[in-house]
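Structure, as structure tokens:
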Amino acid sequence: QKAQIGVTGLAVMGRNLARNFARHGHTVALHNRSYHRTKELVENFGDEGTFLPAETAEDFVASLEKPRRVIIMVKAGKPTDDVIDEFAPLLEEGDMLIDAGNAHFADTRRREAALKAKGLHFVGTGVSGGEEGALHGPSIMPGGSKESYKALGPLLEDISAKVDGEPCCVHVGPDGAGHFVKMVHNGIEYADMQLIAEAYDLLRQAGGHSPADIAEIFTGWNEGRLGSYLIEITAEVLKQVDPDSGKPFVDIVVDQAEQKGTGRWTVQSALDLGVPVSGIAEAVFARALSGGADVRSAAAKAGLPGPTASPVGGDLQADVEQALFASKIVAYAQGFQQIQAASAEYDWEIDPGAMAKIWRAGCIIRAKFLDFIKQAYDKDQNLATLLVDDYFLDAVAGAQDAWRRVVVTAAEQGIPAPGFASALAYYDGLRAKRLPAALIQGQRDFFGAHTYHRTDKEGAFHTLWAADGRKEISA
Ligand code: NDP
């Protein structure tokens, strides 16, 4: 008996993916650097399906049907290269190495090119949904060649999450496209979490609500247009009471947010592509600010003064819901724009609507709202920004007065809301008929003779600033 698929790397993610394949009736070859994990999997879950455990890489490869499909689920970075170096010499032309870890898309591009030269398919694949998703159905974002998807896609679709029977798995595009899209998914996740955290902070500090009250508010919001996994779990976290102290759980946790790096990667890539993903950037920087213990304690010691007291007006709770929804639309619009820009840069031909479709279940940013994103791109795949789609345009138009009030309240109360404020600034930047960028062009021309374009004539112009300031020459 041969296995249809093999998994090497059987820590929490690999183990659960292997079990998911087995539960769907596939025979799964198992391998891990240290054999004890392989043994434990078979001992604990062997009755869930058919597993072929192997102690060596050679035995593992020999137990796979051809073309071989090997999923690598190890630590990203050098361990992934080590495992590729171990397996590539054992494989034959047409076999597939599938990296399902959180690799940087540039590494995936490099690995794909190297393995292609050896006749092997390398499929960088995003997998979202954490360990629960891996076991019960993740959202899967495979890159690599179209040909590899023919042999691999049906298996991945089988174990993926489903919405109305449709799999949350689609061939994203060639080489690094899958890992790129997974990276942006995580970047959007950072932005969404930051915005939710700001909503909580405003309701607590400006609204005077307790964590338990805010949990109720979020549970209510979860029934409406904000309905999403992240809102749902936020309510659960806020409800939690620490059994030792009897205090709200959120009050006993150190307020320094950590990060593993996919948010930072998203922003780094956006800087290279020149796409303003300010929502994701603010979220990454807000985590960095929270983690800057030395700077924060210096500020605390110096007693940086806050604003003089002013009353909070209006229906804060309703306003914050509007601000959260509008800011979220901006963050997603920016993330999708980054996917479109990368797709153009690398010739990936990514269908953005398909990404919204496969994120509707099995991943951390799953939300009702993704249906509307899918519909927007179904209408126009080349939409310049989601903000001009009818649904989102109307939603933001309806929210904007409340959104502005919330940003004013945050500023007046001295409550940091970088996500809400920068999203609003981005929106106003897009709306502006004239931007002060014209003045920046003037400054650049003044000190660096960088030239500028005119609104009324073709060509590049430079003004001789030091002399009479009027003379123009075409560059
Ligand atoms: P870890 O990232 O903790 O990696 C542990 C696994 O990597 C073990 O199987 C370990 O083998 C193996 N490994 C480490 N170094 C080497 C090496 N040099 N050679 C061979 N094998 C090595 O496991 P996770 O299951 O948490 O994650 C796996 C991948 O999935 C990562 O890339 C992660 O970023 C990604 N991911 C994780 C998610 C999560 O929620 N945890 C969600 C989505 C993706 P050994 O047992 O011998 O030490």
Side-chain angles (χ1 to χ4, degrees), residues 126 128 139-143 146 149 157 160-174 177-178 180-182 184-185 187-189 191-192 195 224-229 270 273 275-280 322 324-363 365-400 403 423-424 426-433:
S128 182
S139 172
I140 309 181
M141 295 149 251
K146 274 196 185 132
Y149 194 78
E157 289 176 13
S160 74
K162 309 282 184 304
V163 176
D164 304 329
E166 287 196 78
C168 293
C169 172
V170 74
H171 182 230
V172 175
F180 186 89
V181 159
K182 171 68 191 334
V184 176
H185 163 284
I188 291 173
E189 177 186 311
D192 211 339
L195 295 171
R225 60 187 182 170
L226 281 167
S228 61
Y229 173 71
L273 292 164
V275 180
V277 293
S278 47
I280 301 171
Q322 299 273 14
L324 179 53
F325 195 61
S327 303
K328 182 171 159 137
I329 291 170
V330 168
Y332 280 66
Q334 293 175 341
F336 273 83
Q337 200 193 332
Q338 183 174 359
I339 290 174
Q340 287 174 300
S343 181
E345 173 77 16
Y346 300 111
D347 288 328
W348 284 336
E349 296 184 7
I350 298 175
D351 169 6
M355 299 309 105
K357 185 177 155 199
I358 65 170
W359 289 345
R360 290 179 305 165
C363 71
I365 64 169
R366 59 188 185 256
K368 283 181 193 161
F369 161 87
L370 285 160
D371 276 324
F372 294 104
I373 298 184
K374 181 183 171 297
Q375 284 162 21
Y377 286 114
D378 283 350
K379 273 187 270 169
D380 179 3
Q381 193 170 327
N382 297 315
L383 201 61
T385 169
L386 284 171
L387 289 161
V388 301
D389 170 75
D390 289 346
Y391 172 80
F392 294 109
L393 193 143
D394 287 349
V396 174
Q400 68 159 319
W403 189 11
L424 182 57
Y426 176 86
Y427 176 69
D428 283 333
L430 283 192
R431 274 188 339 101
K433 293 215 168 55

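Please read all numbers here as calculations on a predicted model, not as lab measurements.
Met355 places a side-chain heavy atom less than 4.5 Å from the side chain of Val170. Taking the side chain as every heavy atom from C-beta outward, Gln340 and Tyr377 approach each other to under 4.5 Å. Contact of the Phe336 side chain with the Leu383 side chain is not registered, since no non-hydrogen atoms from C-beta on lie closer than 4.5 Å. Counting only heavy atoms from C-beta outward, the side chains of Tyr332 and Asp192 approach each other to under 4.5 Å. Annotation: side chain of Phe369 is not in contact with side chain of Ser228 (no heavy-atom distance under 4.5 Å). Here the side chains of Ile358 and Ile140 are not in contact, with every heavy-atom distance at 4.5 Å or above. Counting only heavy atoms from C-beta outward, the side chains of Phe372 and Ile329 never approach each other to under 4.5 Å. Two residues are said to be in side-chain contact when any heavy atoms from C-beta on lie closer than 4.5 Å; Trp403 and Tyr427 meet this criterion.
Between the CD1 atom of Ile365 and the OG atom of Ser128 there is a distance of 7.5 Å, given to the nearest 0.5 Å. With values rounded to the nearest 0.5 angstrom, Trp359 atom CH2 is found 7.0 Å from Met141 atom CE. Atoms SG and CZ, on Cys168 and Arg366 in that order, are 9.5 Å from each other to the nearest 0.5 Å. Atom NZ of Lys357 is separated from atom CG of Leu370 by 13.0 Å, given to the nearest 0.5 angstrom. The structure places CZ of Arg360 at 11.5 Å from CD1 of Ile373, a figure rounded to the nearest 0.5 Å. Rounding to the nearest 0.5 angstrom, the gap separating the NE2 atom in His171 from the CD atom in Glu157 is 11.5 Å.
Of the possible donor and acceptor atoms, one in the side chain of Asp351 sits under 3.5 Å from a partner among the backbone N and O of Gly353. A distance-only check finds no donor-acceptor pair linking the side chain of Gln338 to the backbone of Val277 [under 3.5 Å]. In this structure, the side chain of Lys162 engages the main chain of Ser160 through a donor-acceptor pair within 3.5 Å.
Of all non-hydrogen atoms in Ala399 and Ala326, the two that sit nearest each other are CB-CB, 4.0 Å. Scanning both residues, Ile350 and Val172, for their nearest heavy atoms gives CG1-O, 3.6 Å. For the residue pair Ile280 and Gly335, the shortest heavy atom distance occurs at CD1-CA, 4.5 Å. Here the closest non-hydrogen pair linking Ala342 and Leu273 is CB-CD1, 3.9 Å.
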I'd like to know whether Cys169 forms a side chain to side chain contact (heavy atoms under 4.5 Å, CB included) with Tyr149, so could you lay out the CA-CA distance, the side-chain angles of the two residues, the decisive distance to 0.1 Å, and finally the verdict. CA-CA 11 Å; Cys169 172; Tyr149 194 78; 3.5 Å; yes
Decide side chain to side chain contact (heavy atoms under 4.5 Å, CB included) for Leu226 and Phe325; before the verdict, give the C-alpha distance in whole Å, the side-chain angles of both, and the deciding distance to 0.1 Å. CA-CA 7 Å; Leu226 281 167; Phe325 195 61; 3.7 Å; yes
Would Gln375 and Tyr391 satisfy side chain to side chain contact (heavy atoms under 4.5 Å, CB included), going step by step from the backbone distance to the final call? CA-CA 9 Å; Gln375 284 162 21; Tyr391 172 80; over 6 Å; no
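Electrostatic pairing of Asp428 and Arg431 counts as a salt bridge here, judged by a charged N lying under 4.0 Å from a carboxylate O.
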